[in-house]
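None of the values given here were measured: they were computed from a predicted structure. Below, read A as the first sequence line, B as the second, and so on, with proteins coming before strands; counting in each chain starts at 1.
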Amino acid sequence: MARVGRGARGPSLKALTTLLAGPVVPAARGLLACTLSAGGVTVRLTEVEAYEGVGEDPASHAHRGRTRRNAVMFGPPGYAYVYFTYGMHWCINVVCGPVGVASAVLLRAGEVVAGLDIARERRPGVRVDRDLARGPARLSQALGVDGRAGGTPLLRGDGPIVLRPPDAPVDASSVAVGPRVGVNGGADRQLRFWIAGEPTVSTYRSHVSRRPRPTG
DNA sequence: GGGCCGATCAAG
DNA sequence: TTGATCGGCCCA
């Protein structure tokens, strides 16, 4: 769909900036295959989830309106919303939409493409490189990202986290869609996007378990 | 001021 | 299947 000229070259930084300022679904799709660099490690994003803003998406942190915690979501696009959950995990979001619209994209998984040694150090016990950034909290841990990176710009290139457009665009036919993970409200909506066939995608909960009833 | 729950992960 | 572990948010 996206006709980006210049051969196999992906979208420009400017194009990505524009994309993030718009509706969250195209923004989420456009974040696939982008690279994210922090703390000496670079990952290629393989799985993301879109979250709408106030009112329409019960699963969104901004659903109930603006609070001190989610204030970044209401700001300009292209900034990091980093939140802490389950008493131990950090997760990274890219703020989307214009100022006042609190949509965001949760970065769920990626493939480590640079800084492999550092990522392995940050995630001791991981046997397979595929698992280094497989899952939102793992992704943050591999990059060494925590709450301190919250509210910083991602596209400017001078912050703790640097987001760059993909080297090569993702073919639309290779993007898979499904329901979001661990979401109660709005679970029926198809707002999770990943690159089909990527081993780094956390597909273990891609759909409801279909285990047959023991006794019928 | 108190209690509950969460956009998770890893081990049994 | 369940424990770990703590900040945000709701209710009193």
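- Helical stems involving DNA chain B, defined as 3 or more consecutive Watson-Crick or G-U pairs under 3.5 Å, span B:1-6 with C:6-11, B:8-11 with C:1-4.
- A close approach under 4.0 Å does occur between a side-chain nitrogen or oxygen of A:R108 and OP1 or OP2 of B:dT8.
- Straight-line distance from the CG atom of A:L107 to the P atom of B:dA7: 16 Å, rounded to whole Å.
- Under the stacking criterion of a centre-to-centre distance below 5.5 angstrom and an interplanar angle below 30°, A:Y86 is not stacked against the six-membered ring of C:dA4.
- Nucleotide C:dT5 holds its P atom 11 Å from the NE2 atom of A:H89, rounded to whole Å.
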Quiz item: Do A:R66 and A:V54 pass the side-chain contact (heavy atoms from CB on, under 4.5 Å) test, and can you show the C-alpha distance, the side-chain angles, and the key distance before you say yes or no?
Solution: CA-CA 8 Å; A:R66 181 179 183 136; A:V54 179; over 6 Å; no
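- Here A:R180 does not reach the OP1 or OP2 of B:dT8: none of its side-chain N or O atoms lies under 4.0 Å away.
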Quiz prompt | Full working for side-chain contact (heavy atoms from CB on, under 4.5 Å) between A:L16 and A:C34 | solution = CA-CA 9 Å; A:L16 179 60; A:C34 283; 4.0 Å; yes
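- Atoms CZ (A:R69) and P (B:dG6) sit 12 Å apart, rounded to a whole Å.
- A close approach under 4.0 Å does not occur between any side-chain nitrogen or oxygen of A:S60 and OP1 or OP2 of B:dA7.
- Distance A:R122 CZ to B:dC9 P: 17 Å, rounded to the nearest Å.
- Relative to the side chain of A:H61, the nucleotides B:dA10, B:dA7, C:dC9 differ in distance, and B:dA7 lies closest.
- Put simply, CZ on A:F84 is 14 Å from P on B:dA7, counting in whole angstrom units.
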Self-check item: Derivation of the side-chain contact (heavy atoms from CB on, under 4.5 Å) call for A:V95 and A:N93
Solution: CA-CA 6 Å; A:V95 175; A:N93 295 254; 5.9 Å; no
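- Within a 6.0 Å radius of CZ in A:R164, other residues, nucleotides and ligands contribute 12 heavy atoms or fewer.
- In this model, the phosphate group of C:dC10 is approached by a side-chain N or O of A:R64 to a distance below 4.0 Å at OP1 or OP2.
- For A:Y81, whose side chain is taken as the heavy atoms from C-beta onward, the closest listed nucleotide among B:dA7, C:dT5, B:dA10 is B:dA7.
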Practice problem: Test A:L191 against A:V183 for side-chain contact (heavy atoms from CB on, under 4.5 Å), laying out the working first. | Solution: CA-CA 11 Å; A:L191 292 175; A:V183 163; over 6 Å; no
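- Backbone-only engagement by A:A137 is indicated by non-hydrogen atom pairs under 4.0 Å involving sugar-phosphate atoms exclusively.
- Ring orientation note: the planes of A:F84 and A:W90 are tilted relative to one another, at an angle of 30° to 60°.
- Atom-to-atom, CG of A:D131 to P of B:dA10 comes out at 8 Å; the value is rounded to the nearest Å.
- Minimum atom distance to the side chain of A:V183 is reached by B:dA7, of the listed B:dA7, B:dA10, C:dA4.
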Exercise. Walk me through it: do A:R189 and A:E56 pass the test salt bridge (charged side-chain N to carboxylate O under 4.0 Å, His left out)?
Key: CA-CA 11 Å; A:R189 279 192 263 182; A:E56 295 183 75; 5.5 Å; no
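- In this structure, A:N93 places its CG atom 14 Å from C1' of B:dT8, rounding to the nearest Å.
- Between A:Q141 atom CD and C:dT5 atom C1' the separation is 15 Å, expressed in whole Å.
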